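Report on one structure; see the data block that follows.
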There are 2 protein chains.
Amino acid sequence: MGSFQQAMQRSGLKRTKQRECVYNVLEKADVPINAEQIYKELLSESINLSTVYRILESFVEKDIAIKATLGQSVTAIYELNRQEHKHHLICAECHSIVAISGCPLEQYVEDLSKTTHYQILEHKLEITGICPRCQAKHGK
Amino acid sequence: MGSFQQAMQRSGLKRTKQRECVYNVLEKADVPINAEQIYKELLSESINLSTVYRILESFVEKDIAIKATLGQSVTAIYELNRQEHKHHLICAECHSIVAISGCPLEQYVEDLSKTTHYQILEHKLEITGICPRCQAKHGK
DNA sequence: TATGCAAATGCAAATTATTTGCAAATATTA
DNA sequence: TAATATTTGCAAATAATTTGCATTTGCATA
Ligand SMILES: [Mn+2]
Ligand SMILES: [Mn+2]
Ligand SMILES: [Zn+2]
Ligand SMILES: [Zn+2]
């Protein structure tokens, strides 16, 4: 059984053509993407943009996908919840995103929980820099 | 000379009543706030909301303020650039924000720069949890 | 101090991102 | 296959931000 079917089954969401399309787009993306990008990928399927939003909302609700915003951007982005903790490196020039695996914060977060008495749920680390390609463009 | 005047002088922005109002609101806020919140603080001054946005934009441009988005929120927030590196702890329930000082990532970021060949400019760490007050509300 | 002008502001309208109401279509279950 | 709750499309609403343009203001200079 495909992972889409599994996700629908576990969550109790109905297995619709539109949800499958959105799921597939998310599945093949290796970095978070926004609703508009998903919509454009699916122009040939003529799925409505508000349906895309509703599907994303339902996926987030069911923990099938993760919603976030990055940097100064004011647009929400989504990725499949692959249950693996990762962080992102964003190019300040070309806005490309690469995922970085491994977390340097495990111990820190544990300590922080003790000192602040917060019950820590998750954390997000975004690192901004200039990617090698954009550095090259600047000559030198 | 007040720090507002200094900021205007260094940046070359004109010293207007509206800019001073926005600056003062940012100065007395200890966590990032959004344009609407600033606007409401300044209702008595009857400054226009688009002016607030334009002022914030100019402050960010001149590095007087920092713009960001947090968590899943789609609204930009702003804080005075106090030149001190800090991170934020956000309550998942009441959405309160507290600043945490000290950075556990200095060495990590340096290493990352070497392995990825990115020129690292900055990073943002957001930690989400449940604050002691909200934990208490849930009883036990 | 008065004048000139670029920069900044107010106001209304435009844009962008997202959400909602409602009627029609569809998936699931019996 | 029928019953029904869910989902979708479409148009309109809302929220956040941006823009055009006429008017006002800060600041440099005469
Ligand atoms: Mn981590
Ligand atoms: Mn840090
Ligand atoms: Zn780049
Ligand atoms: Zn709280």
Side-chain angles (χ1 to χ4, degrees), chain A residues 1-2 4-23 25 32-62 64-78 95, chain B residues 1-2 4-23 25 32-62 64-78 95:
Chain A
M1 176 166 54
F4 169 68
Q5 266 184 75
Q6 274 179 33
M8 294 305 99
Q9 206 139 62
R10 269 194 300 102
S11 63
L13 295 175
K14 286 183 178 173
R15 193 182 170 298
T16 67
K17 169 178 160 291
Q18 291 87 338
R19 283 192 177 133
E20 184 158 19
C21 289
V22 171
Y23 189 95
V25 172
I33 51 181
N34 65 42
E36 191 74 28
Q37 290 172 305
I38 295 169
Y39 174 70
K40 283 186 179 150
E41 279 289 305
L42 295 175
L43 278 183
S44 58
E45 308 288 335
S46 70
I47 170 177
N48 194 275
L49 179 58
S50 50
T51 303
V52 172
Y53 275 106
R54 276 193 278 227
I55 287 173
L56 290 169
E57 190 186 19
S58 69
F59 283 5
V60 170
E61 163 96 32
K62 300 295 187 182
I64 294 165
I66 295 169
K67 177 183 183 182
T69 55
L70 282 191
Q72 305 183 186
S73 166
V74 108
T75 312
I77 55 180
Y78 303 82
H95 304 107
Chain B
M1 177 164 59
F4 168 67
Q5 268 184 73
Q6 274 179 33
M8 294 306 98
Q9 206 140 64
R10 269 193 299 103
S11 63
L13 295 175
K14 286 184 178 172
R15 192 181 170 298
T16 68
K17 169 177 161 291
Q18 291 87 340
R19 282 192 178 134
E20 184 159 18
C21 289
V22 170
Y23 189 95
V25 172
I33 50 181
N34 65 42
E36 191 73 29
Q37 290 172 304
I38 295 170
Y39 175 69
K40 284 186 178 150
E41 280 289 306
L42 295 174
L43 279 183
S44 58
E45 310 287 334
S46 71
I47 169 177
N48 195 275
L49 179 58
S50 49
T51 303
V52 172
Y53 274 107
R54 277 192 278 225
I55 288 174
L56 290 169
E57 191 186 19
S58 69
F59 284 4
V60 169
E61 162 96 33
K62 299 296 188 180
I64 295 166
I66 295 169
K67 177 182 183 182
T69 54
L70 283 190
Q72 304 183 187
S73 167
V74 109
T75 311
I77 55 179
Y78 303 83
H95 305 106

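Proteins come first, then strands; the chains are lettered A, B, ... in the order of their sequence lines, and each starts at number 1. These figures come from a predicted structure and were not determined experimentally.
Rounded to a whole Å, the CD atom of B/E45 is 11 Å from the P atom of C/dG10. Rounding to whole angstrom units, CD of residue A/E57 and C1' of C/dT18 are separated by 10 Å.
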Identify every side-chain donor-acceptor pair in residues 41-55 of chain B under 3.5 Å, counting partners at least two apart or on other chains, and give the distances.
residue	atom	partner	partner atom	Å
B/N48	OD1	B/S50	N	2.9
B/N48	OD1	B/S50	OG	2.7

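The phosphate of C/dA8 (OP1 or OP2) has a side-chain N or O of B/R19 nearer than 4.0 angstrom. For A/T16, a side-chain nitrogen or oxygen approaches OP1 or OP2 of D/dT8 to under 4.0 Å. When the side-chain nitrogen and oxygen atoms of A/T51 are compared with OP1 and OP2 of D/dG9, one or more of them lie within a distance under 4.0 Å. Between D/dT18 and B/Y53, no contact under 4.0 Å exists linking OP1 or OP2 to a side-chain N or O.
Comparing atom distances between the B/T75 side chain and each of D/dT8, D/dA16, C/dT18 picks out D/dA16 as nearest. Nearest to the side chain of A/R15, among D/dA16, D/dC10, C/dT28, sits C/dT28. For A/Q18, whose side chain is taken as the heavy atoms from C-beta onward, the closest listed nucleotide among D/dT8, C/dT18, D/dT17 is D/dT8.
Looking at which nucleotide of DNA chain D each of A/L13 and B/K67 is closest to, the 5′-most match is held by A/L13. Nearest-nucleotide assignment on DNA chain D puts the 5′-proximal partner with A/I47, out of B/E36 and A/I47.
We find the CZ-CZ distance between A/R19 and A/F4 to be 7.5 Å, quoted to the nearest 0.5 Å.
With sequence neighbours excluded, no residue forms a ring pair (Phe, Tyr, Trp, His ring centres under 6.0 Å) with B/Y39.
Residue A/S50 is in base contact, counting any heavy-atom pair closer than 4.0 Å across all strands shown. The residue B/R54 sits close to a base: some heavy atom pair falls under 4.0 Å. Among the atoms of the strands shown, only primed sugar atoms or phosphate atoms (P, OP1, OP2) are found under 4.0 Å from some heavy atom of B/I55.
Side chain of A/R15 to backbone of A/M8: no donor-acceptor contact under 3.5 angstrom is found.
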